[in-house]
Amino acid sequence: MNAPLIELKDVSRRHDSGVLALDGLDLRLARGERVALLGLAGSGKSSLLRLLAGIDRPLAGAVLRQGEPLRGTQADAAFVFSSPALMPWASAAVNVELPLRLQGSAAPAETREQRAREALAAVGLEALADVLPKALDESQRMGVALARAWVVQPALLLLDDWLSQVSPAARPGLRRVLAEAARTTAAPACVLATRDVDEALLHANRVLVLGGRPGRVLDELRLDTAVPREPAWLETPAGQRARKRLLEALSSADATA
Ligand SMILES: Nc1ncnc2c1ncn2[C@@H]1O[C@H](COP(=O)(O)OP(=O)(O)OP(=O)(O)O)[C@@H](O)[C@H]1O
């Protein structure tokens, strides 16, 4: 059997402040897989994403990338946060190019720009490549942030609460943009951290409920239907059963925190 893209074995993570954020955590993540980390504030979701990206190191246990110990950050691991954090003075294309510049890409400027435009095309924003962020609406700005992650051709895409500050009406469109981008190129493994049960259910084939202090996996739910799911799926009997189970797991997390 092929090694998973990333594997965490009995991992714990202590922050420099002394806080033990995670303990005894196991996770195998396959290429192209869509996982949601669901948990209350402080349950360790972001800490786990940072371990997967190689930004932080575990206190104990192992983080393996295709069977080898992960050493430092990975050029093909990309984050999207709840704030798009675009440079206001730079066009969408220049914003999207930024990771290539930061990675010290040896590619000529024209190639970098071409890749930025391709990443914008992947999220349906090619026509806005030369536009400044202030001329974009909120979902276009988040689309540019997604393109900025896409430009590195990620094998691992880490979404840290990415839709929490987008208005509810704009969320289905952005989920579809992500799904469409993943269809047209090699789909990255995609890990979404969220406090929102419905967001987890619409995104993932596997939902891990994190909870307790330190954080650990309290429950794991596998879902077979294709993703992304439309919000109407939440009202089906399968959707309601899944939501009930996750809400119960979250309230037990609350009790153990
Ligand atoms: N850089 C840091 N330095 C010290 N402690 C931290 C740091 N980051 C997180 N923590 C602590 O680690 C624990 C887990 O935090 P983490 O941010 O991973 O949780 P989270 O589930 O992502 O929370 P949220 O939903 O609020 O983003 C918390 O107790 C938090 O205060």
Side-chain angles (χ1 to χ4, degrees), residues 6-29 33-63 65 70 72-74 77-85 138 142 145-146 149 154 156-168 171 174-175 178 188-204 206-221 242-243 245-257:
I6 299 259
E7 183 170 13
L8 268 56
K9 286 184 169 175
D10 199 13
V11 158
S12 54
R13 164 71 189 156
R14 188 186 294 284
H15 288 289
D16 294 343
S17 61
V19 172
L20 188 61
L22 297 167
D23 197 23
L25 213 124
D26 293 299
L27 173 65
R28 289 165 68 91
L29 186 64
E33 198 178 3
R34 293 180 64 126
V35 169
L37 307 176
L38 175 67
L40 305 175
S43 59
K45 305 180 294 293
S46 301
S47 302
L48 178 48
L49 293 183
R50 291 170 64 86
L51 284 174
L52 291 171
I55 296 169
D56 292 335
R57 295 169 70 93
L59 171 71
V63 182
R65 168 88 192 235
L70 187 63
T73 53
Q74 308 287 296
F79 264 101
V80 180
F81 297 98
S82 54
S83 162
E138 61 167 352
M142 190 50 88
L146 186 57
L156 180 61
L157 181 62
L158 303 164
L159 305 169
D160 198 348
D161 239 351
W162 76 304
L163 296 180
S164 61
Q165 288 176 33
V166 173
S167 41
R171 291 176 193 166
L174 282 161
R175 285 188 210 106
L178 171 60
C190 194
V191 185
L192 167 87
T194 183
R195 302 178 197 178
D196 181 338
V197 170
D198 290 353
E199 196 58 47
L201 284 172
L202 293 175
H203 169 85
R206 194 147 63 101
V207 182
L208 305 182
V209 180
L210 293 189
R213 297 284 166 91
R216 57 189 193 283
V217 177
L218 298 180
D219 195 11
E220 176 169 345
L221 176 67
R243 183 197 267 151
R245 173 161 158 187
L246 292 179
L247 284 170
E248 281 169 7
L250 273 184
S251 36
S252 77
D254 203 10
T256 55

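Counting starts at 1 for both ligands and their atoms, following the listed order.
- With contacts defined as side-chain heavy-atom distances shorter than 4.5 Å, the pair L51/L25 does not qualify.
- Closer than 4.0 angstrom to ligand 1 lie heavy atoms from H15, S17, V19, A21, L40, A41, G42, S43, G44, K45, S46, S47, R195.
- Pairs passing the side-chain hydrogen bond (donor to acceptor under 3.5 Å, both in side chains) check and including a residue from residues 16-25, sequence neighbours excluded, do not occur.
- In this structure a side-chain-to-backbone donor-acceptor pair under 3.5 Å is present from R13 to R57.
- Residues L210 and V217 form a side-chain contact, since some pair of their non-hydrogen atoms from C-beta on lies under 4.5 Å apart.
- A donor-acceptor pair under 3.5 Å links the side-chain atoms of K45 to the main chain of L40, judged by distance alone.
- Rounding to the nearest 0.5 Å places CD of E248 at 13.5 Å from CG of L218.
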